[in-house]
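First the structure, in the form of structure tokens, and then the observations on it.
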Amino acid sequence: MKESISPKERIRKKREFSLIYKKGNRYRGKYFIIIYLPNGGSQSRLAVVAGKKIGNAVKRNKAKRWIKALYRRNKNLLEDSTDLIFIAKENIFKAPWKNLQKDYAKAIEHINQKQSM
RNA sequence: UGGAGUGGGCGAGGUGGUUGCUCCUUCUAAAAAAGAAGGGGAGGAAAGUCCGAACUCCACAGGACAGGAUGGUCGCUAACAGCGACUCCGGGUGACCGGAGGAAAGUGCCACAGAAAAGAUACCGCCCUUCGGGGUAAGGGUGAAAAGGUGAGGCAAGAGCUCACCGCGCUGGUGGUGACACCAGCGGCACGGUAAACCCCAUCCGGAGCAAGGCCAAAUCGGCCCUGAGGAGAUGGUCCGUCUCAUGGGGCGGGUAGACCGCUUAACCCAUUGAGCAAUCAAUGGGUCAGAUAAAUAACCACCACCCGCAUGAAACAGCGGGGACAGAAUUCGGCUUAUGACCCACUCCAGUCC
RNA sequence: UGGGAAGUCGUCCAAUGGUAGGACACAUGACUCUGGAUCAUGGAAUCGGGGUUCGAAUCCCUGCUUCCCAG
């Protein structure tokens, strides 16, 4: 299993963001919020939002990197191809790596169940 | 040994493994996509956006006004509110640090207190007196600030009225590119403070900003041009013809999404030599060092080094637990300012002790 | 990324460089059988740090926060 994220696997256009915000479902995790929408394509896609509330530029980048790493490491968990927007919360910097992984696994499980129904 | 001053260096600690991101080159190959190999990949402040430029577009005969910025002198620089050296003033025992045009061009302001806050009709006072008035500014108290200061002479009482020293101003000389310094003489000296109040003087300044600007260009709507058989209407007594409207086909230019250029080789960096007190400049040789766009440097693990705490101990090693700042390029440079853990280096000052 | 504006009691606004004021809100008391309204009294602030000045909310530097504009 490859663990890369190529440009095709990212959400980049403002129009696409608006669509997902409008029609997608939300899951509130402990350290982040996920907005997800099945896209019917061949690949899942990803975007991370880290707002100004979280901190300065260094902190925002760090949050993005962590969430991207989570996604890469656990690509195979997701069953259907889905567009995902992650919104990082402030407490993400206090979390140990293992808790983040648990929280992520729980979130993906939740999404899989919802979509198979 | 302790305390302090100035300037500078380094700053995701190092090595390895697994998995990843971005750009360039070569190859798979003829192009795109994809893959493989090799190489490059954050900072001293990248930050705040406080100044100054480069670059691009717009405006522009020339001159004047308005508005803004700067402000000791000389130098450096592409430019600057920057930097260097020097001058004067103020602070500090000292190393050192901070400040800087003009108040005699004019206007304004100086609360309260005080007689008076500025070219003094002087409140109390002192002295003289023909009792009408006159001469004074030593002393008093107020205030942030009170009309040169101290001492002596002098006088009715006093006063730069006179003298000495200090301060201030003017003139001349000498030294210095200059700010200014030193020396001599003269004036006796009514002429505060505030220009980060208006202002005056000198110097500089057109506006907007890479979301600048350029180039290519879907879909849709509308515009213009060409054109086909037929349709409707107008002209006409009717047909042909001509004109208008709707429609089919083709083309054109503007322009949106989007793509590309701008986009990284530059007032660049390093070394040596020379000029200069220095900032800096010159010559020679070498180097290429991020270019992303929902936005790249990371995640996890192991070991080693450093620091802190715990416990043992005379001390150290081993052990356990924890820690490593401020902070992320976005057109590019030169500065300023602010944030910053640990460590290191150079020079200097003060105090104590010893030799 | 670039360009601009503003910070005064809890809130909304005032204030020539000279004692920071008003309204609403809050607290206490009076009035009332009680509450409201009314009356009286009181507390509470110049975004932080420097500088100029005898004296700064105001003038000058420098940071911080908030808001607006440009696709």
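In what follows, every chain begins at residue 1, and chains take the letters A, B, ... in the order their sequences are listed. Computed from a predicted structure; not experimentally measured.
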Go through the steps for Tyr31(A) and Leu70(A) under the test side chain to side chain contact (heavy atoms under 4.5 Å, CB included), then give the verdict.
-> CA-CA 12 Å; Tyr31(A) 306 111; Leu70(A) 281 173; over 6 Å; no
Phe86(A) and Trp66(A): side chain to side chain contact (heavy atoms under 4.5 Å, CB included), yes or no, with the steps?
-> CA-CA 11 Å; Phe86(A) 288 80; Trp66(A) 275 0; over 6 Å; no
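Using P as the reference atom, U162(B) and U136(B) are 15 Å apart when rounded to the nearest Å. Taking the P atom of each, C226(B) and C243(B) are spaced 11 Å apart, rounded to whole Å. Across the C1' atoms, A234(B) and G255(B) are found 39 Å apart, a figure rounded to whole Å. Taking atom P on both nucleotides, G82(B) is separated from U62(C) by 11 Å, rounded to a whole Å. Between U19(C) and U46(C), the two C1' atoms lie 15 Å apart (nearest whole Å). A distance of about 12 Å separates the P atoms of C97(B) and C86(B), rounded to the whole Å. The separation of C55(B) from C333(B), taken at their P atoms, amounts to 16 Å, rounded to a whole angstrom. Across A329(B) and G43(B), the matching C1' atoms stand 9 Å from one another, rounded to whole Å.
Applying the 90° criterion around 0 to the glycosidic angle, A85(B) comes out anti.
Along RNA chain B, the nucleotide nearest to Val58(A) and the one nearest to Lys62(A) differ in position, and the one closer to the 5' end is contacted by Lys62(A). Between Lys59(A) and Ala69(A), the one whose closest nucleotide on RNA chain B sits nearer the 5' end is Ala69(A).
As rounded to whole Å, 13 Å separates atom P of A330(B) from atom CZ of Arg60(A). As rounded to whole Å, 9 Å separates atom P of C300(B) from atom CG of Leu100(A). To the nearest angstrom, P of A299(B) lies 12 Å from CG of Leu70(A). Atom NZ in Lys64(A) sits roughly 13 Å away from atom C1' in C21(B) (whole-Å rounding). What separates CG of Asn61(A) from P of U293(B) is a distance of 14 Å, to the nearest Å. One interatomic measurement links the two molecules: OH of Tyr71(A) to P of G20(B), which rounds to 14 Å at whole-angstrom precision. Atom-to-atom, CG of Asp83(A) to P of A294(B) comes out at 16 Å; the value is rounded to the nearest Å.
The closest donor-acceptor contact from the side chain of Ser44(A) to the backbone of Thr82(A) lies under 3.5 Å. Remark: side-chain polar atoms of Lys68(A) are not paired, donor with acceptor, to backbone N or O of Val48(A) under 3.5 angstrom.
Residue Arg65(A) has a polar side-chain atom (N or O) positioned under 4.0 Å from OP1 or OP2 of U297(B).
Using bins of under 30°, 30° to 60° and over 60° for the plane-to-plane angle, the ring pair Tyr27(A)/His110(A) lands in the tilted bin.
Listed here is the closest heavy atom pair of Leu84(A) and Tyr36(A): CD2-CB, 3.6 Å.
Nucleic acid contact class of Lys68(A) (heavy atoms, under 4.0 Å, all strands): sugar-phosphate only.
Closest to the side chain of Arg72(A), from the set A327(B), G20(B), A299(B), is G20(B).
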